[in-house]
Amino acid sequence: MQKNETGNQDRFGWLCSYTPIEILIAASLVPTRLSAGDLFLHKPNPNLHQLICPYVRAVFEKAQEDRFNRLEGVVFVKCCDAMLRLYDLWKVHLPHQWTYILSLPKIQSSEAARYFANVLRRFSKVLGTERGTLVTDQALGNAILEQNQLRVALRKLYRMRLDNPLILPYSKLCSLTRDWLSVAPAQALPDVEKELREFEEIPSETSSPLPKVVISSSTLDQIEIVEIIEMAGMMVIADDHCCGLRHFDDLVSEDGDPYLNLAQRYLRRWPCPRMQANPSHLQRLIQKIDEVGANGVICVGLKYCDQSGFELPRLQTQLEERHVPFLYIEHDYTATGFAQLKVRIEAFAEMLSNAFEGL
Amino acid sequence: MRSIYEGYLKYADKKLSCGPNARAMLYKAIAGLGLSAFEAEARVVWTTGYSIPMVLYQPFDLVPFDFEYAAVDLVASGRAAQSLAASNRLGYPVDTCSAHRVALGAQALGLFPPADLLISTTHFCDGKPKCNEIFSERYHVPFHLIDVPLEKDESALDYVESQLREVFSVLGRLAGKEANESLLIESIRDYNRVLSLMMELNKLRSQKPAPYIPANRGLTMSMVGSRLLGRPEMITIYEQFLREVRKAPREDGPDGGEQLRLLWLLASPIYSTNIFDTLREFGARIVAEEFTFELMHPLSETKPLRSIAEWILDSRFIRPVRERIDHILKWVDDYQVDAVVSFTHLPCRQGNGALSLIKKALNEKGIVLMNLEGDLCDPTVFSPTRMRRTIENYVRILLDKKRTMH
């Protein structure tokens with residue numbers, strides 16, 4: 001088991017939801033999602049251009065300030081241009097941390113899955129040679145099983161929450177998920193099961209007193225935004241972002257070649273806008289909006305995220321066709337924009353409430 | 001668009017009536033290609049000239065159309081404002097690449113020839129595949145995205161080659177021709193001939209002093225010309241360009257003689273600016289361009305598709321920036337460069353994201369990075385006064401440094 005001098009397991013950071021954390025678990029490492037939601041960018045970083053993903057800027061700033069506790073290494077995925085640049089900067093400015101970047105296909109063909117499986121196999125080998133942790137097929141099989149169990153439990157929680165959303169406010173779910181993504185799945189699972197039990201003990205509500213909204217984002221790190229939405233009188237019923245239900249979608253097959261199974265799951269899960277997928281990210285989002293009967297959609301754009309930015313007009317068109325009200329807000333990890341966001345969110349809530357009461 | 005290409009033709013014919021001129025020949029060929037995309041029977045493949053060698057389309061009677069370059073044509077002719085406004089109206093982000101915004105707007109305005117097929121790659125930037133995805137939906141035609149991995153080894157080559165094989169057969173089907181790889185040999189031969197001419201040109205430009213080439217002509221020839229690489233007319237154009245460079249003044253010239261030698265990174269603004277006039281005033285000659293090198297990877301007549309895969313994977317815009325930096329440092333030595341110029345296209349995450357590391361590496365070698373910030377396609381954010389001051393400051397630093405060294 002990979003342990004540091006204090007006897008604890010080494011923690012490895014990950015950023016993108018496409019990071020195959022099963023491999024880290026199999027290597028006896030604790031996969032920790034690097035969140036920067038507690039940080040407000042307030043000064044320019046001389047090493048990083050201002051017009052680049054604010055999540056990337058915030059994580060980099062937090063890492064430079066050594067605010068990620070006991071991080072032994074970081075695994076990057078080439079999911080977007082900004083992430084590749086973050087990897088470049090990390091290597092130069094934080095050389096004491098072990099880093100690795102994984103190729104991630106944008107397509108879903110069987111050749112792409114085979115290629116990605118080899119990328120994952122190579123990563124396992126490198127972990128073995130450079131970190132001294134052999135990733136055996138058996139350990140990987142166990143990790144897949146554990147992570148699948150967590151996915152199943154989380155999906156159940158999301159499903160149960162649909163009937164009784166007031167029991168677990170979405171902001172609390174976000175905060176819990178943030179914690180669950182910072183520990184090993186075996187450690188997170190009992191907590192998820194505890195939440196599930198609470199749902200099981202309470203009879204389900206049939207009607208909701210508040211308008212239901214779906215929240216869509218690339219990475220929704222700042223829970224304050226969700227709190228503003230809730231305080232304005234809307235209930236987030238479903239989500240579409242890197243650390244929401246999308247992250248827990250689809251299971252890894254437990255039979256056969258574990259690397260190919262991992263590759264297939266990661267390439268075929270509910271996609272992020274970066275993927276050329278069928279169904280596409282947009283189709284899956286629309287499907288979810290229809291499925292939950294949302295009264296409105298709030299899109300929380302991450303400034304300078306080109307992948308999601310290009311989808312906006314198409315999402316808006318589809319929602320207009322469905323007569324589903326839509327609010328687009330943008331955030332950039334600065335505190336200054338919050339007051340303005342609040343005004344716009346409250347106005348949207350008021351509009352939704354009027355329509356909702358009229359139903 | 002059509003009138004822009006007709007304008008190119010008029011310009012070229014007028015210039016050529018006074019004698020051979022590489023730039024005019026290039027624009028004449030570009031105009032011919034551009035106009036052919038609007039012909040009723042044309043089968044148009046939207047593609048990316050700088051990320052997929054155009055030789056791929058040569059064997060078939062298909063017209064390659066590059067929407068980014070078409071956007072550039074609109075900007076160069078001063079007609080991009082309407083397209084930018086259309087993109088804004090449609091709701092695309094205003095802080096994303098202006099070349100993509102112009103293309104999205106222009107397409108929506110019906111300025112571009114409709115696509116029969118779209119082919120692109122995943123490398124260079126995130127915006128390119130997303131634009132293709134949108135265009136594919138608008139025209140209801142297939143979009144083939146060639147996934148380019150970070151690695152460059154045999155398995156990566158196999159992976160890219162297998163995708164190219166599929167694309168090649170799709171092209172064959174669209175053209176109604178059998179997609180036999182040997183069909184590529186002739187265009188590869190033409191491409192390699194141009195490549196050897198480019199190498200000769202670079203050799204001349206590496207000499208000290210370098211031949212005087214107006215403005216950023218080297219970049220114009222390679223960047224605009226990338227749409228024609230693999231076509232026989234490109235050989236004639238580059239032969240003429242080589243003749244012109246051979247005849248160009250070296251010791252003296254309109255810039256009063258070479259004072260500084262510059263390497264130009266990525267692209268330069270498409271609209272008219274005072275950048276090159278200012279550089280000329282100070283005798284600062286651009287002796288090499290990163291973008292030209294990007295197009296210069298040999299192709300094989302014996303393994304056409306394999307070598308195209310290699311060409312793609314050779315790009316320095318796929319992997320971590322270290323590889324790009326190593327090449328920049330090598331060119332700095334090979335071309336005895338005093339400074340490296342980056343016209344930093346502000347919305348380009350690829351370009352601006354790694355700039356601090358490029359600067360650091362150059363500074364460690366004692367080389368100045370001239371960071372000229374702006375927007376490639378949106379002239380409304382360009383200030384000639386500020387640009388002149390920035391260039392003057394850099395030139396002063398460089399000349400002082402030279403004086404101290406002597």
Do you know the tightest heavy-atom contact between [X] and [Y]?
X: K130(B); Y: P273(A); result: NZ-O, 2.7 Å
X: S155(B); Y: R122(A); result: OG-NH2, 3.6 Å
X: P46(A); Y: S356(B); result: O-CB, 4.0 Å
X: G353(B); Y: I52(A); result: CA-CD1, 3.7 Å
X: S162(B); Y: E111(A); result: OG-CG, 4.0 Å
X: F310(A); Y: I134(B); result: O-CD1, 3.6 Å

(request) Please round to the nearest 0.5 Å and tell me the distance separating atom NZ of K106(A) and atom CG of L145(B). (result) 7.0 Å
(request) Heavy-atom pairs under 4.5 Å with chain B are the metric here; pick the option from L104(A), N47(A), L51(A) that has the most. (result) L51(A)
(request) Could you give me the CA-CA distance, side-chain angles and deciding distance for I107(A) and H144(B), then say whether side chain to side chain contact (heavy atoms under 4.5 Å, CB included) is met? (result) CA-CA 10 Å; I107(A) 54 175; H144(B) 288 268; over 6 Å; no
(request) Heavy-atom pairs under 4.5 Å with chain A are the metric here; pick the option from Q350(B), K359(B), K360(B) that has the most. (result) Q350(B)
(request) Between chain A and each of H100(B), H123(B), R322(B), E137(B), count heavy-atom pairs under 4.5 Å; write down the option with the most. (result) E137(B)
(message) Could you tell me if E133(B) and Q276(A) have a donor-acceptor pair between their side chains, going purely by distance under 3.5 Å?
(response) yes
(message) I'd like to check Y92(B) versus L312(A) (side-chain heavy atoms, cut-off strictly below 4.5 Å). Are they in contact?
(response) no
